Amino acid sequence: MLQQNLKLLLPFPIRILMKLQLVATCLFGLEHLLGEEIEALGYERISTIDGRITFAGDEEAVALSNIFLRYAERVFIKLGSFSAASFEE
């Protein structure tokens with residue numbers, strides 16, 4: 001509803017972008033280089049763990065990171081997380 005009202009007021013189309021958490025995986029030891037590539041694209045690093053980096057981005061970041069991150073093996077969209085104290089949980 002809000003977007004329809006804004007279309008009436010503004011002469012140009014607007015896009016409402018979603019804020020996503022993305023996870024880029026890499027080989028162990030390449031986290032530093034991958035982090036530099038992510039920052040060079042203009043995205044904010046959230047955390048760095050062995051073999052993966054979590055960063056914030058939008059829908060456009062999904063496409064750009066898949067194209068331009070040379071050290072990333074894969075780029076995932078983080079949908080949720082939970083803690084499990086044992087394997088049976």
Side-chain angles (χ1 to χ4, degrees):
M1 186 71 179
L2 175 64
Q3 193 170 9
Q4 291 174 351
N5 291 338
L6 288 175
K7 282 183 183 179
L8 298 174
L9 297 174
L10 298 173
F12 52 88
I14 61 166
R15 290 182 39 210
I16 298 175
L17 299 175
M18 293 190 313
K19 191 77 167 171
L20 301 171
Q21 280 193 5
L22 303 171
V23 180
T25 60
C26 64
L27 296 173
F28 293 109
L30 297 180
E31 298 89 357
H32 176 71
L33 297 171
L34 178 58
E36 287 178 353
E37 283 187 336
I38 290 169
E39 290 171 352
L41 287 176
Y43 302 116
E44 175 190 355
R45 244 194 281 190
I46 296 172
S47 68
T48 302
I49 304 172
D50 288 340
R52 68 178 168 207
I53 295 179
T54 304
F55 62 101
D58 52 14
E59 296 101 338
E60 190 175 85
V62 176
L64 291 177
S65 60
N66 273 299
I67 294 170
F68 293 113
L69 294 180
R70 296 170 294 174
Y71 294 105
E73 293 176 339
R74 298 176 190 265
V75 178
F76 298 100
I77 300 172
K78 186 174 182 179
L79 299 176
S81 64
F82 61 92
S83 61
S86 66
F87 186 73
E88 288 79 26
E89 292 183 18

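Remember, predicted model here, so these are calculated numbers, not experimental data. Note that the numbering runs from 1 along the sequence shown for the chain.
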I need the [X] [atom1] to [Y] [atom2] distance, nearest 0.5 Å.
{"X": "L69", "Y": "L41", "atom1": "CG", "atom2": "CG", "result": "5.5 Å"}
{"X": "I77", "Y": "Q21", "atom1": "CD1", "atom2": "CD", "result": "11.5 Å"}
{"X": "T25", "Y": "R74", "atom1": "OG1", "atom2": "CZ", "result": "7.0 Å"}
{"X": "I46", "Y": "I53", "atom1": "CD1", "atom2": "CD1", "result": "11.5 Å"}
{"X": "L20", "Y": "Y43", "atom1": "CG", "atom2": "OH", "result": "10.5 Å"}
{"X": "K19", "Y": "D58", "atom1": "NZ", "atom2": "CG", "result": "7.5 Å"}

F55 and S65: which non-hydrogen atoms are nearest, and at how many Å?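 For F55 versus S65, the nearest heavy atoms are CZ-CB, 4.1 Å.
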
_Flag if over 12 foreign heavy atoms under 6.0 Å of CZ, R52_ = no

Tell me, do L22 and V62 make a side-chain contact under 4.5 Å, heavy atoms counted?
yes

When clusters are formed by joining ILVMFWY residues with side-chain heavy atoms under 4.5 Å apart, either directly or through shared neighbours, do [X] and [Y] land in the same one?
{"X": "L30", "Y": "I38", "value": "yes"}
{"X": "L27", "Y": "F68", "value": "yes"}
{"X": "L64", "Y": "L34", "value": "yes"}

Donor-acceptor pair, side chain of E37 and main chain of R70, under 3.5 angstrom: yes

